[in-house]
Amino acid sequence: MPLMPRFDDTDLDEPANPAAGTAPLAQGQDFGSSVEMALAASNHLLNARNAPRYVAQVLQGVTAVATKLERTARPFTGVDPAGMKARVGAVDLDAPLPDTAAALQELEDVYLRDAVYFHDPKYAAHLNCPVVIPALVGEAVLSAVNSSLDTWDQSAGATMIERRLIDWAAERLYLGGSADGIFTSGGSQSNLQALLIARNHAVAGLRQDPARAGLRLPALLDTLRIFTSADSHFSIQKSAAMLGLGFDAVITVRCTPAHRMDPAALAEAMADARGAGLVPMAVVATAGTTDFGAVDPLTETAALARAYGAWFHIDAAYGGGLMVSGRYRRLLDGTRLADSVTVDFHKTFFQPVSSSALLVRDRAMLRHITYYADYLNPESAALAEIPNQVDKSIQTTRRFDALKLWLTLRIMGADAIGALFDEAIDLAARVGSLLAADDDFDLAAPPQLSTLVFRYRPRLDSGERLSEDAADALNPAIRAAVFASGEAVVAGTKVDGRHYLKFTLLNAEATLEDIAGIIGLLRTTGAGLLQSEVSA
């Protein structure tokens, strides 16, 4: 018989003797206090009886965030790790607060006040986007219903929505009618799954050799190699290590001055590997590198992959948003040739974390990661064509993150999403021109998507530019000082061993004046640091 607590607001807001509830019941102890605790706790369960409470408490949380956004005038407070650690560490997690309002007030002190706010135009650091409201509506719905996208009997409509979105994305990427895929937690997981499929596909090919047919998997991995550009994402190396190939199974290929993979260098590297008795397992092209937004020559790299029988994967975690671009879609020409593609919707589709997908041109390739468990997804269910998404995924329990993109498309439309990304790309081009004309800064390369890599290297009183070594010491210090001020957030990276600053622009409402203001802040901070050094 279910517990039927009293519907009394006073009782519901105050936990019954929380201290008593933290200790195990001794043998022979009166169970009254335990029952009281369970009765009170059941008032926090989401169900029909508690629906009004759910609405009221979630609205308190939404209001707290909305109020914070309205009152926040910079992307960060500048809090240091030690101060934040002390504040969070002082919270007694075994002493619940009396109500939601009190918990949200505490949250202001330990999170909301010092969060880094990506919606602020002075946030220009990493591939974090401001999020669209329709996706937040989806987040609220999916979190409450709490569907798990592993089996049909846990997800029903959610399964079909995810599958329809996969088909939609595959159509946009011209992958053909046999394409399929799965939503994942992010680009790193999507790349891992793509390379897992590529590895197993390559191993299946090796086992066609009678001399290798009986070998276990570890014995077949030693000669497999992955080719990718020197500017590709670090998840390629991490994936190789997790797949038993080792970091050194990834052969990095030099880039052109535009930071795109050089097809001639790729051809040379693959020929050398084949000549050494190695097996080209996969070629990974990047559509939107993290630092430069570069899109590798997809058609040329696809042709080389095919010539060597290698899997061709495109990591479009960043550049995937080009599939809905009104002005720059051509940069993704060549995706139709991919065996698999990674897309992060939580980057250039303006979705909350997490929302990513892996797409494959041939749905049959997903068999390489399928495992049947009698208690969850028996093979008989597959034979009966029951759509269990876990058959395609390396995750089991999985959120219905696809709902956020679904509602975004249904409320805003794909063209509107593309327009937001186009604005960011256009802004980066204007900022690039500004930096290129500024004698105090070195621009590492013209912008290609919405990132800019540059550094402060002014002329000194002597008329000479600040030395390369001095600039290497100065630019990380500028970044740290600006971050500590809370006035702006920029990223840092290295190019040819030298320290640079980086803008990643994904806010369609940021203006040239906003970013010029950050440049001015970097300039004055750098000049101040140089002056302090001279004075010292």
Side-chain angles (χ1 to χ4, degrees), residues 72-84 114-118 120-128 231 259 289-293 424 427-428 430-447 450-507 510-536:
T72 298
R74 56 184 185 171
F76 184 50
T77 63
V79 67
D80 61 72
M84 196 76 253
D114 299 294
V116 178
Y117 286 100
F118 304 145
D120 191 290
K122 296 294 180 66
Y123 179 87
H126 303 287
L127 280 164
N128 309 115
D231 283 1
H259 294 273
T289 57
T290 305
D291 278 345
F292 291 97
L427 176 60
R430 294 194 292 272
V431 175
S433 297
L434 200 66
L435 285 168
D438 194 319
D439 201 39
D440 282 343
F441 291 91
D442 284 340
L443 184 64
S450 64
T451 58
L452 297 112
V453 178
F454 61 99
R455 66 186 192 154
Y456 179 63
R457 193 170 166 236
R459 290 199 179 276
L460 304 176
D461 292 340
S462 64
E464 296 181 353
R465 299 290 299 276
L466 185 70
S467 73
E468 295 275 14
D469 290 344
D472 279 343
L474 179 60
N475 279 271
I478 294 173
R479 181 191 176 204
V482 168
F483 184 65
S485 78
E487 294 297 324
V489 184
V490 301
T493 189
K494 280 188 174 183
V495 180
D496 298 327
R498 296 292 186 183
H499 286 281
Y500 279 74
L501 302 171
K502 183 174 71 171
F503 287 153
T504 303
L505 305 177
L506 286 176
N507 190 334
T511 65
L512 184 61
E513 290 71 26
D514 290 324
I515 310 306
I518 303 177
I519 294 171
L521 179 61
L522 296 171
R523 189 195 317 273
T524 56
T525 302
L529 289 169
L530 281 175
Q531 184 60 43
S532 297
E533 185 177 304
V534 170
S535 300

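Position 1 is the first residue of the sequence; numbering continues from there.
At least one side-chain heavy atom of V482 sits under 4.5 Å from a side-chain heavy atom of I478. Using a 4.5 Å cut-off on side-chain heavy atoms (C-beta onward), V453 and F292 make contact. No side-chain heavy atom of I519 sits under 4.5 Å from any side-chain heavy atom of F454. Here the side chains of K502 and D291 are in contact, with some heavy-atom distance below 4.5 Å.
Here the side chain of T504 pairs a donor or acceptor atom with the backbone of A125 at under 3.5 angstrom. At least one donor-acceptor pair under 3.5 Å links the side chain of S450 to the backbone N or O of L505. The main-chain N or O of L434 is never found under 3.5 Å from a side-chain atom of D438 such that the two would form a donor-acceptor pair. A distance-only check finds no donor-acceptor pair linking the side chain of T525 to the backbone of L522 [under 3.5 Å]. Side-chain atoms of R457 come within 3.5 Å of backbone N or O of L466 as a donor-acceptor pair.
Residues passing the salt bridge (charged side-chain N to carboxylate O under 4.0 Å, His left out) test with D231, sequence neighbours excluded: none. With sequence neighbours left out, the salt bridge (charged side-chain N to carboxylate O under 4.0 Å, His left out) criterion links D439 to R459. Under the rule for a side chain to side chain donor-acceptor pair (under 3.5 Å), the partners of Y123 that lie at least two apart in sequence or sit in another chain are N128. Not counting sequence neighbours, D120 has no partner by the salt bridge (charged side-chain N to carboxylate O under 4.0 Å, His left out) test. Under the salt bridge (charged side-chain N to carboxylate O under 4.0 Å, His left out) criterion, R465 pairs with D442, not counting sequence neighbours.
Applying the salt bridge (Lys or Arg N to Asp or Glu O under 4.0 Å) rule to pairs touching residues 479-497 yields R74-E487, sequence neighbours excluded.
Put simply, NE2 on H259 and OG1 on T451 are 10.0 Å apart, with the number rounded to the nearest 0.5 Å.
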Would you check, one step at a time, whether the test side chain to side chain contact (heavy atoms under 4.5 Å, CB included) holds for L474 with Y456? CA-CA 8 Å; L474 179 60; Y456 179 63; 3.6 Å; yes

Is there a side chain to side chain contact (heavy atoms under 4.5 Å, CB included) between D472 and Y500? Walk through the geometry before answering. CA-CA 8 Å; D472 279 343; Y500 279 74; over 6 Å; no

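Partner of I515 under the side-chain contact (heavy atoms from CB on, under 4.5 Å) criterion, out of L452, L435, N507, L427: L427 alone.
Scanning all heavy atoms of the two residues, the minimum distance from P75 to A488 falls at CG-CA, 3.9 Å.
Taking the ring centroids of Y117 and F76, they lie at or beyond the 6.0 Å cut-off.
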